[in-house]
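Not measured: the values here are computed from a predicted model. Note that these values count all heavy atoms, side chains included, but never hydrogens, waters or copies made by symmetry.
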Amino acid sequence: QVQLVESGGGSVQTGGSLRLSCAVSGLTYGPFAMGWFRQAPGKEREGVAYISRASISSYYADSVKGRFIISRDNAKNTVTLQMNSLKPEDTAMYYCAARTIAGDDWYWYNNALYGYWGQGTQVTVSS
């Protein structure tokens with residue numbers, strides 16, 4: 001059974017940085033394309049960043065471009081989200097997810113393409 005476990009969340013002040021990690025276990029075949037999503041109270045879950053299986057492509061939400069960096073280490077089955085210049089509006093529960101429905105990378109932000117999700121890690125940015 002595939003499991004995703006996030007870590008690295010916490011509380012920081014505006015302008016600070018956090019590094020989220022997602023450990024993937026239980027894989028029985030090749031790596032998945034992976035995404036990071038977030039959900040703030042009262043809001044819908046939104047895509048934050050995406051990385052293809054071999055790290056050839058990566059995509060970001062406009063709101064985090066230039067501040068967040070997604071990376072992966074397939075040998076260690078981990079995906080990382082480096083978050084810099086954090087803002088209060090980045091406050092949310094962050095989830096990593098494994099994409100199980102193949103297709104064009106352009107639609108990476110569609111929640112329905114991901115079949116495995118972690119439990120989430122809270123990020124709180126204070127002003």
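Put simply, CG on Leu81 and OH on Tyr60 are 7.5 Å apart, with the number rounded to the nearest 0.5 Å. In this structure, Leu18 CG and Phe68 CZ are separated by 9.0 Å, a value rounded to the nearest 0.5 Å. A distance of 13.0 Å separates CD1 in Ile51 from SG in Cys96, rounded to the nearest 0.5 Å. The structure places CG of Asp73 at 8.0 Å from OG1 of Thr80, a figure rounded to the nearest 0.5 Å. To the nearest 0.5 Å, atom CG of residue Asp104 and atom CG of residue Asn110 are 12.0 Å apart. Rounding to the nearest 0.5 Å gives a distance of 10.0 Å between OG of Ser52 and CZ of Arg99.
A pairwise comparison of heavy atoms in Tyr94 and Val48 identifies CE2-CG2, 4.3 Å as the closest pair. Summarising the geometry of Asn84 relative to Ser17, their closest heavy-atom pair is OD1-OG, 3.0 Å, with the distance given to 0.1 Å. Counting all heavy atoms, side chain and backbone alike, Val2 lies closest to Gly26 at CG2-O, 3.7 Å. Across every non-hydrogen atom of Pro31 and Arg72, the tightest pair is CB-NH2, 3.5 Å. Taking every heavy atom of both residues into account, Tyr50 and Ala33 meet most closely at OH-CB, 3.2 Å.
The salt bridge (charged side-chain N to carboxylate O under 4.0 Å, His left out) pairs that include a residue from residues 79-96 are Arg38-Asp90, Arg67-Asp90, where partners are two or more places apart or lie in different chains.
At a threshold of 4.5 Å between non-hydrogen side-chain atoms, the residues Glu6 and Leu20 do not count as touching.
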All N/O donor-acceptor pairs, side-chain side in residues 119-127, below 3.5 Å, sequence neighbours left out:
unit_1	atom_1	unit_2	atom_2	d
Thr121	OG1	Gly9	N	3.1
Gln122	NE2	Ala92	O	3.4
Gln122	NE2	Thr124	OG1	3.4
Ser126	OG	Val12	O	3.4

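Under 3.5 Å, the side chains of Asp105 and Tyr59 contain no donor-acceptor pair of N or O atoms.
Partner of Tyr114 under the side chain to side chain contact (heavy atoms under 4.5 Å, CB included) criterion, chosen from Trp108, Phe32, Tyr95: Trp108.
Within 6.0 Å of the CD atom in Gln13, the count of heavy atoms belonging to other residues, nucleotides or ligands does not exceed 12.
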